[in-house]
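Chain naming here is simple, since letters A, B, ... match the order of the sequence lines and numbering starts at 1 in each. Predicted, not measured: the structure shown is a model, and the values here were computed from it.
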Number of protein chains: 2
Amino acid sequence: MSGTSRIGEVMALDRLVHEPARLLILAVLANAREVEFGFLEQVSGLSKGNLSSHMSKLEAGGLVEVKKSFRGKRPLTELRITAAGRKALADYRQRLAAVMQELPEAPTPRK
Amino acid sequence: MSGTSRIGEVMALDRLVHEPARLLILAVLANAREVEFGFLEQVSGLSKGNLSSHMSKLEAGGLVEVKKSFRGKRPLTELRITAAGRKALADYRQRLAAVMQELPEAPTPRK
DNA sequence: CAAATAAGTTTGCAGTGCAAACTAGTCTAT
DNA sequence: ATAGACTAGTTTGCACTGCAAACTTATTTG
């Protein structure tokens with residue numbers, strides 16, 4: 001029962017997490033203790049500008065923490081996912097799993 | 001191998017499909033031969049206006065076909081997913097599956 | 001006839017993502 | 001020493017988008 005009861009799950013996706021660029025960032029952060037801005041720039045392929053603004057949004061939403069310091073004389077920005085961030089990601093993953101159940105596996109579900 | 005080789009998959013998600021409202025619409029369409037506007041409005045919880053505009057975008061993108069007719073004297077709009085729509089949805093599903101592999105199952109992957 | 005309902009479409013606006021421009025400081029070469 | 005390039009980001013500007021509200025056109029009901 002209830003193929004249709006979960007049919008609205010998809011609408012409850014957290015938009016802050018749902019955005020591909022941010023999802024990517026969170027996925028990387030979730031798998032490391034702490035990550036440098038530059039590293040994230042490399043692996044994500046995002047421009048610095050883009051990365052910076054997504055970072056700010058994630059920070060504003062409390063999903064990541066940003067730590068600014070210096071390495072030698074150069075500025076260094078490091079990101080870390082917060083507990084809330086992990087929770088948001090876990091929730092998102094869960095809903096996503098529910099969504100995938102709605103999507104037909106096969107190209108065409110003959111009716 | 002290559003947990004990192006798929007790390008960019010998330011960026012290749014089709015935005016036309018990625019939008020929750022449209023994903024919902026496509027998911028419904030994929031599981032029926034043809035669906036009425038009104039029915040979609042009910043199950044999606046979207047307003048007519050919203051539904052109409054998403055429908056237009058999906059149509060413009062060639063993912064759905066819209067057939068207009070009359071039932072008795074009232075206009076009747078029916079939607080059907082196209083072959084391209086099924087393909088887009090299948091591709092999306094596949095990428096989504098790849099994405100989910102990046103997301104940690106457990107709340108916290110202790111490092 | 002007037003008002004309500006049906007079935008959508010169009011409009012207006014607030015919010016967003018992205019690229020390009022900008023900032024601030026450091027390093028290098030002359 | 002200072003002009004120019006590089007590093008490490010941030011801010012700005014704009015085009016696009018999703019959503020709610022207003023509008024349209026026709027039908028049914030009181």
Side-chain angles (χ1 to χ4, degrees), chain A residues 8 10-29 34-61 63-80 88 92 99, chain B residues 8 10-29 34-61 63-80 88 92 99:
Chain A
V10 70
M11 299 304 290
L13 291 168
D14 180 349
R15 307 296 279 231
L16 188 56
V17 178
H18 190 60
E19 170 62 27
R22 285 188 298 258
L23 184 52
L24 175 47
I25 292 171
L26 288 174
V28 173
L29 293 188
E34 196 165 39
V35 167
E36 297 180 13
F37 186 100
F39 175 76
L40 216 41
E41 188 190 352
Q42 299 299 319
V43 310
S44 70
L46 293 167
S47 69
K48 291 175 195 303
N50 247 322
L51 178 51
S52 176
S53 77
H54 285 303
M55 181 183 87
S56 294
K57 280 181 192 188
L58 289 170
E59 188 183 18
L63 306 196
V64 314
E65 265 177 19
V66 178
K67 192 181 66 173
K68 281 168 186 301
S69 59
F70 287 84
R71 172 157 52 201
K73 310 192 161 177
R74 313 297 194 69
L76 174 64
T77 300
E78 284 161 304
L79 313 193
R80 186 189 299 226
Y92 182 78
V99 167
Chain B
V10 69
M11 298 306 288
L13 290 168
D14 180 349
R15 309 295 280 234
L16 188 56
V17 178
H18 191 60
E19 170 63 29
R22 285 190 298 259
L23 185 52
L24 175 48
I25 292 171
L26 288 174
V28 173
L29 292 189
E34 197 165 37
V35 168
E36 297 180 13
F37 187 100
F39 176 75
L40 218 39
E41 189 190 352
Q42 299 299 318
V43 311
S44 70
L46 293 167
S47 69
K48 291 177 196 302
N50 246 323
L51 179 51
S52 176
S53 76
H54 285 303
M55 182 183 83
S56 295
K57 280 179 194 191
L58 289 170
E59 189 184 16
L63 305 196
V64 314
E65 265 177 19
V66 178
K67 191 181 68 172
K68 282 168 185 299
S69 60
F70 286 86
R71 173 158 50 201
K73 312 191 159 177
R74 312 297 195 72
L76 175 62
T77 300
E78 285 161 304
L79 313 193
R80 187 188 297 224
Y92 182 78
V99 167

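Out of C/dC18, C/dT9, D/dC19, the shortest distance to the side chain of B/A21 is found at D/dC19. Among the nucleotides C/dT9, D/dT10, C/dC18, the one closest to any side-chain atom of A/E19 is C/dC18. Comparing atom distances between the A/N50 side chain and each of C/dC18, D/dG9, C/dG8 picks out C/dC18 as nearest. Looking at the side chain of A/P75, the nearest of the listed nucleotides D/dA8, C/dG8, D/dT28 is D/dA8.
For the pair A/R15 and C/dG15, the criterion of a side-chain N or O lying under 4.0 Å from OP1 or OP2 is not met. Proximity of B/S52 to the phosphate of C/dT9: a side-chain N or O atom is located under 4.0 Å from OP1 or OP2. For C/dA24, neither phosphate oxygen OP1 nor OP2 lies less than 4.0 angstrom from any side-chain nitrogen or oxygen of A/R74. Between C/dA21 and A/K48, no contact under 4.0 Å exists linking OP1 or OP2 to a side-chain N or O. Distances shorter than 4.0 Å separate some side-chain N or O of A/T77 from OP1 or OP2 on D/dG9.
Counting only heavy atoms from C-beta outward, the side chains of B/M11 and A/S44 never approach each other to under 4.5 Å. Annotation: side chain of A/L26 is in contact with side chain of A/V64 (closest heavy-atom distance under 4.5 Å).
Each of A/F70 and B/R71 has a nearest nucleotide on DNA chain C; the 5'-most of these lies closest to B/R71.
Remark: P of C/dG17 and CE of B/M11 are 11 Å apart, rounded to the nearest angstrom. With rounding to whole Å, B/R22 atom CZ is found 8 Å from D/dG18 atom C1'. Nucleotide C/dA24 holds its P atom 14 Å from the NZ atom of A/K68, rounded to whole Å. For the pair B/L51 CG and C/dA7 P, the interatomic distance rounds to 13 Å; values are reported in whole Å. Atom CD in A/Q42 sits roughly 12 Å away from atom C1' in D/dA8 (whole-Å rounding). The separation between A/E41 atom CD and D/dC6 atom P is 15 Å, rounded to whole Å. When rounded to the nearest whole Å, the span between CG of B/L46 and C1' of C/dT9 equals 15 Å. Straight-line distance from the CZ atom of B/F37 to the P atom of C/dT5: 19 Å, rounded to whole Å.
Contacts between residues 54-61 of chain A and DNA chain D, defined by a heavy-atom separation below 4.0 Å, involve A/M55, listed by number.
Remark: B/K57 does not engage B/E19 in a salt bridge, criterion side-chain N to carboxylate O under 4.0 Å. Salt-bridge formation is detected for the pair A/R71/A/E36: a Lys NZ or Arg NE/NH1/NH2 atom is positioned less than 4.0 Å from an Asp or Glu carboxylate oxygen.
Classification of the A/H18-B/H18 ring pair by plane angle, with boundaries at 30° and 60°, yields parallel.
Once rounded to the nearest 0.5 Å, the distance linking CG of A/L79 with CG of A/L63 reads 12.0 Å. Interatomic distance, CG of B/L16 versus NE2 of B/H54, reported as 10.5 Å (0.5 Å rounding). Remark: B/R22 CZ to B/L58 CG distance equals 6.0 Å, nearest 0.5 Å.
Backbone-only contact: B/L76 has heavy atoms under 4.0 Å from sugar-phosphate atoms and none from a base.
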